[in-house]
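All of these numbers come straight from a predicted model, not from anything done at the bench.
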Protein chains: 2
Amino acid sequence: MATGRTHRPATRSRGIPEATVARLPLYLRALTALSERSVPTVSSEELAAAAGVNSAKLRKDFSYLGSYGTRGVGYDVEYLVYQISRELGLTQDWPVVIVGIGNLGAALANYGGFASRGFRVAALIDADPAMAGKPVAGIPVQHSDDLERIIQDNGVSIGVIATPAGAAQAVCDRLVAAGVTSILNFAPTVLSVPDGVDVRKVDLSIELQILAFHEQRKAGEEAAAGGAQATAARSESADQGPDGDVPAVMPA
Amino acid sequence: MATGRTHRPATRSRGIPEATVARLPLYLRALTALSERSVPTVSSEELAAAAGVNSAKLRKDFSYLGSYGTRGVGYDVEYLVYQISRELGLTQDWPVVIVGIGNLGAALANYGGFASRGFRVAALIDADPAMAGKPVAGIPVQHSDDLERIIQDNGVSIGVIATPAGAAQAVCDRLVAAGVTSILNFAPTVLSVPDGVDVRKVDLSIELQILAFHEQRKAGEEAAAGGAQATAARSESADQGPDGDVPAVMPA
DNA sequence: GAATGTGAAGCTTTTCACAGCG
DNA sequence: CGCTGTGAAAAGCTTCACATTC
């Protein structure tokens, strides 16, 4: 049974709609790529295409940040990179701990995109004493007995849970008690956290099930369409993960 | 430049709203747990708590599937498990290929939740000849030269991309050309696909950036609240990251 | 009495379309 | 003249609250 159930006021955060926040990282990635190619400015149309959204949405999103574009010209790439980074809080350093160094935990530790954008793997933690001291991605794994101390010593406020489902809630409780206020959960479980703590989950099997749903529908339609030539007229479309709904957060 | 841009009619699928589809796997997981404990029936209130949503939403969601509950009593667990499984298309077998057997690909191959719910890892594919033949999670890795043949021989319609970002679009194109119509993308890139192909993305760094945004906001509020005792009255709240949009990760 | 199923209300998000600025 | 910024309309999702059914 769950404890502190977590509802969600669902409101926008500091004026920026949650849906917009969820897209800022996407824009940032596209802008970073342009920046690396030394492209000086970009139009909403071009940037939207690169990020996989439509241009009206992008302009509306940017309008929540301020008026950073120039009419008739577009947006200054470097300037936007900076503004979005700042808005997302990426101009500061975020020490992160990863708990559960199995296959997935190791993959995460090795993930390059981690270090690149303000995030730093401050520690790897596992419950298996045999893992202790073994380096993964160049970082020695520490035993979970020391979890609280590690969190405090490193001033960690973001924790990643990559343990088996059965251990996730207990790990979560300890992380929260030690001061972590944001959790990225890879374990297939619903976590209970007190108010003030954010949880986001990444769940492979849920994603697959959603794909299966649509896949099944396609098959059904084909059959209904009468066997042959059903394919030509089809215009299903797809976009990168529907997104849309969002996460949590907000103050009273 | 993107090619076949992918918009998305965004409409509900066969009468069931997208947001509801995204929650069905959550309900299914909670129901499966109840089923294993031989609980015969459950109320919307209880099930909602277990799934981390509110009960009105859950009832509305179920209403799209039909009237499967009994007033005054609740829902029959076994029956609901079956109905949701069927709706999601999990009563059939879905052969899946994983392309890119690095850290992450291996983690995915070993992921148990995979096999459990109708999904079967039909093949592991990697571009590195040195990997060929090596078993991962008991399945021998095959070279990507054979990708098309593997897809066709196994009747695969769902592909998982766990390659580095640079290789993702090319892999995606080959998968689609070979007949795959649903793709789960872990590479941090926007994929272009023709209409009729679904893409969902899972992106670690995007999730972290969203957490950082909220984390930063909390810090700002605390300061604004005047240093001390700001914590007590706070009622932040959080719920399990809503899924919805998503995005990418990658191996070395 | 208890709990579902659902119209209707309220929000949020997306899209449209165009005025306004460089 | 091109492209941003944004009111206003449309679509979608969530929550309310209660009639309905067992």
* Asked: Can you list, by residue number, the residues of residues 69-85 of chain B that have a non-hydrogen atom closer than 4.0 angstrom to DNA chain D?
  ->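 Within this stretch, B:T70, B:R71 sit under 4.0 Å of the strand.
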* May I ask you to evaluate whether B:N54 reaches the phosphate of D:dT14, defined as a side-chain N or O under 4.0 Å from OP1 or OP2? => no
* To do: Return no unless some side-chain N or O of A:R23 is found under 4.0 Å from OP1 or OP2 of C:dT14.
  => yes
* Any salt bridge (Lys or Arg N to Asp or Glu O under 4.0 Å) pairs touching residues 164-177 of chain A, not counting sequence neighbours? ->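 For residues 164-177 of chain A, and leaving out neighbouring residues, the salt bridge (Lys or Arg N to Asp or Glu O under 4.0 Å) pairs sorted by first residue read A:E148-A:R174.
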* Presence of salt bridge, A:D203 and B:R29, under 4.0 angstrom -> yes
* **Qualifying residue, where the test is ring pair (Phe, Tyr, Trp, His ring centres under 6.0 Å) with A:Y75 and the options are A:F62, A:Y68, A:Y82** =>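 By the ring pair (Phe, Tyr, Trp, His ring centres under 6.0 Å) criterion, A:Y75 pairs with just one of A:F62, A:Y68, A:Y82: A:F62.
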Residue [X], side-chain heavy atoms: nucleotide from [options] that is nearest:
X: B:K60; options: C:dT13, C:dT6, C:dT15; result: C:dT6
X: A:S63; options: D:dT6, D:dT14, C:dG5; result: D:dT6
X: B:A19; options: D:dT14, D:dT6, C:dT4; result: D:dT14
X: B:S43; options: D:dT14, C:dT4, C:dC16; result: C:dT4

* More 5' along DNA chain C: A:T20 or B:A56, using each one's nearest nucleotide? -> B:A56
* To do: I would like to know whether A:Q209 and B:L90 meet side chain to side chain contact (heavy atoms under 4.5 Å, CB included); could you show each step before the answer?
  => CA-CA 8 Å; A:Q209 289 175 43; B:L90 305 181; 3.7 Å; yes
* Structure fact -> Closest heavy-atom pair, B:L47 versus B:V42, reported as atoms and distance to 0.1 Å, is N-CG2, 3.7 Å
* Asked: Checking side chain to side chain contact (heavy atoms under 4.5 Å, CB included) for the pair B:C172/B:I183: CA distance, chi angles, key distance, verdict?
  -> CA-CA 8 Å; B:C172 174; B:I183 291 177; 3.6 Å; yes
